[in-house]
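Accompanying notes for the structure given below.
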Amino acid sequence: MRIDAVTIFPDYFSALDLSLLGKARDKSIIEFKAHDLRDYTHDKHRTVDDTPYGGGAGMLMKPEPWGEAFDEILTPETTVIFTSPAGELFKQATAHELANEKHIVFACGRYEGIDQRVVDYAKTQSKVRMISLGDYVLNGGEVAAIAMIEAIARLIPGVIGNAESLIEESHSDGLLEYPSYTKPASWRGLDVPEVLTSGNHAAIAAWRHEQAVERTKAVRPDLLGPENR
């Protein structure tokens, strides 16, 4: 998979050089490049923003630099993701959908956002999705893009060493993940649940499902289907 990000802060994405994603890039499982939006400006101040028509607080990102960046980067196979609190909510199912794409471009807005014509123009060149990381506002789209890239990339074959771990984690089956334990069996007066040391795999599986349901009821009851309510 090829992933690009267009941003005025390309150094934000240095985090992708670390851990499993960095190894995946080294193995060419994932290609990634951060493009500085200011490289597509032509004035001495490298201006990317201006006041909004109709008035209002703050500044808006100008369309001209975005247009030049998109002309260089986009192809008909590209999916452009505008990170925006006005978009659809990013979920695990969204990550699975996007993990099947060949090329993703993250458009990372700043200030009060991006001129709507940039979104409209992108739709004439590629697929477009507006996606929100959650019901809150960040200073810019970079943090959201990094979170989405990690959620998407870890689903690509070869990125996670033990692919089975993807099956049992939170949201993989609509439930939050069950509590996990490791050695020692007793620590500071707290013991590992006896069923986990029993060797009875059927009992362990049943306990884990029960715990996942109970945790989801307590923390995220909105995720439960009728069969678990």
For residues 128-136, dump all side-chain donor-acceptor pairs below 3.5 Å to protein atoms at least two apart in sequence or in another chain.
unit_1	atom_1	unit_2	atom_2	d
Arg129	NE	Glu88	OE2	3.1
Arg129	NH1	Glu97	OE1	2.9
Arg129	NH2	Glu88	OE1	2.9
Arg129	NH2	Glu88	OE2	3.4
Arg129	NH2	Glu97	OE1	3.1
Ser132	OG	Gly134	N	3.2
Ser132	OG	Gly134	O	2.8

Residue pairs passing the salt bridge (Lys or Arg N to Asp or Glu O under 4.0 Å) test with at least one member in residues 50-71, sequence neighbours excluded, are Lys62-Glu64
Residue pairs passing the side chain to side chain donor-acceptor pair (under 3.5 Å) test with at least one member in residues 8-24, sequence neighbours excluded, are Asp17-Arg25
When rounded to the nearest 0.5 Å, the distance separating OG1 of Thr7 from CZ of Arg38 is 9.5 Å
To the nearest 0.5 Å, atom OG1 of Thr75 lies from atom CD of Gln125 at 10.0 Å
Those residues at least two apart in sequence (or on a different chain) that pass salt bridge (Lys or Arg N to Asp or Glu O under 4.0 Å) with Lys27 are none
inquiry  = Are Ile156 and Phe90 connected into the same hydrophobic cluster when the rule is that any two of I, L, V, M, F, W, Y join if their side-chain heavy atoms are below 4.5 Å apart?
reply    = yes
Residue set satisfying side-chain contact (heavy atoms from CB on, under 4.5 Å) with Asn200, at least two apart, ordered chain then number -> Ser198, Ala202, Ala203
To the nearest 0.5 Å, atom CZ of Arg215 lies from atom CZ of Arg220 at 13.5 Å
Residues 103-113, side-chain donor-acceptor partners within the protein, below 3.5 Å, at least two apart:
unit_1	atom_1	unit_2	atom_2	d
His103	ND1	Thr78	OG1	2.7
His103	NE2	Arg2	NE	3.4
His103	NE2	Asp4	OD1	2.7
Arg110	NE	Glu142	OE1	3.0
Arg110	NH2	Glu142	OE1	2.8

Is there a side-chain contact between Leu37 and Val6 (heavy atoms, below 4.5 Å)? yes
Step by step, would you call Ile30 with Ile149 a side-chain contact (heavy atoms from CB on, under 4.5 Å)?
CA-CA 11 Å; Ile30 301 169; Ile149 289 170; over 6 Å; no
Nearest heavy-atom approach of Val80 to Ser126 is CG2-CB, 4.1 Å
Q. Within a radius of less than 6.0 Å around CD of Gln116, do more than 12 heavy atoms belonging to other residues, nucleotides or ligands occur?
A. yes
(message) When you compare the side chain of Met61 with that of Ile8, does any pair of heavy atoms fall below 4.5 Å?
(response) yes
Do Thr47 and Met59 have side chains that get closer than 4.5 Å, going by heavy atoms? no
Output for pair (Glu210 CD, Glu214 CD), nearest 0.5 Å, gives 6.0 Å
The complete set of ring pair (Phe, Tyr, Trp, His ring centres under 6.0 Å) pairs with one or both residues in residues 46-71, sequence neighbours excluded, reads Trp66-Phe70
Here the pair of heavy atoms bringing Thr83 nearest to Ala145 is CG2-N, 4.1 Å
Residue set satisfying side-chain contact (heavy atoms from CB on, under 4.5 Å) with Ser180, at least two apart, ordered chain then number -> Glu177, Tyr178
All heavy atoms of Pro65 vs all of Thr41, minimum pair found to be CG-CG2, 3.8 Å
Sequence neighbours excluded, the answer for side-chain contact (heavy atoms from CB on, under 4.5 Å) partners of Arg117 is Pro63, Asp115
Taking the side chain as every heavy atom from C-beta outward, state whether Ile152 and Met1 have any pair of such atoms under 4.5 Å apart.
yes
Exercise. For Leu155 and Gln92, what are the C-alpha separation, side-chain angles and deciding distance, and is it a side-chain contact (heavy atoms from CB on, under 4.5 Å)?
Worked result: CA-CA 10 Å; Leu155 300 175; Gln92 187 68 11; 3.9 Å; yes
Residues at least two apart in sequence or cross-chain that pass side-chain contact (heavy atoms from CB on, under 4.5 Å) with Asp39, listed by chain then number, are Asp36, Arg46
Taken to the nearest 0.5 Å, the spacing of Thr79 OG1 from Leu74 CG works out to 10.0 Å
Cluster link Val119 to Leu60, ILVMFWY, side chain under 4.5 Å: no
d(Leu224 CG, Leu175 CG) to nearest 0.5 Å is 6.5 Å
Apart from Ile204 itself, members of its ILVMFWY cluster (side-chain separation under 4.5 Å) are Tyr181, Val192, Val195, Leu196, Trp207
Tyr121 side chain reached by Thr124 side chain, heavy atoms, under 4.5 Å
yes
Residues 16-43 vs ring pair (Phe, Tyr, Trp, His ring centres under 6.0 Å), sequence neighbours excluded, gives Phe13-Phe32
| query | Do Leu223 and Val219 sit in the same hydrophobic cluster, where Ile, Leu, Val, Met, Phe, Trp and Tyr count as joined when their side-chain heavy atoms come under 4.5 Å apart? | reply | yes
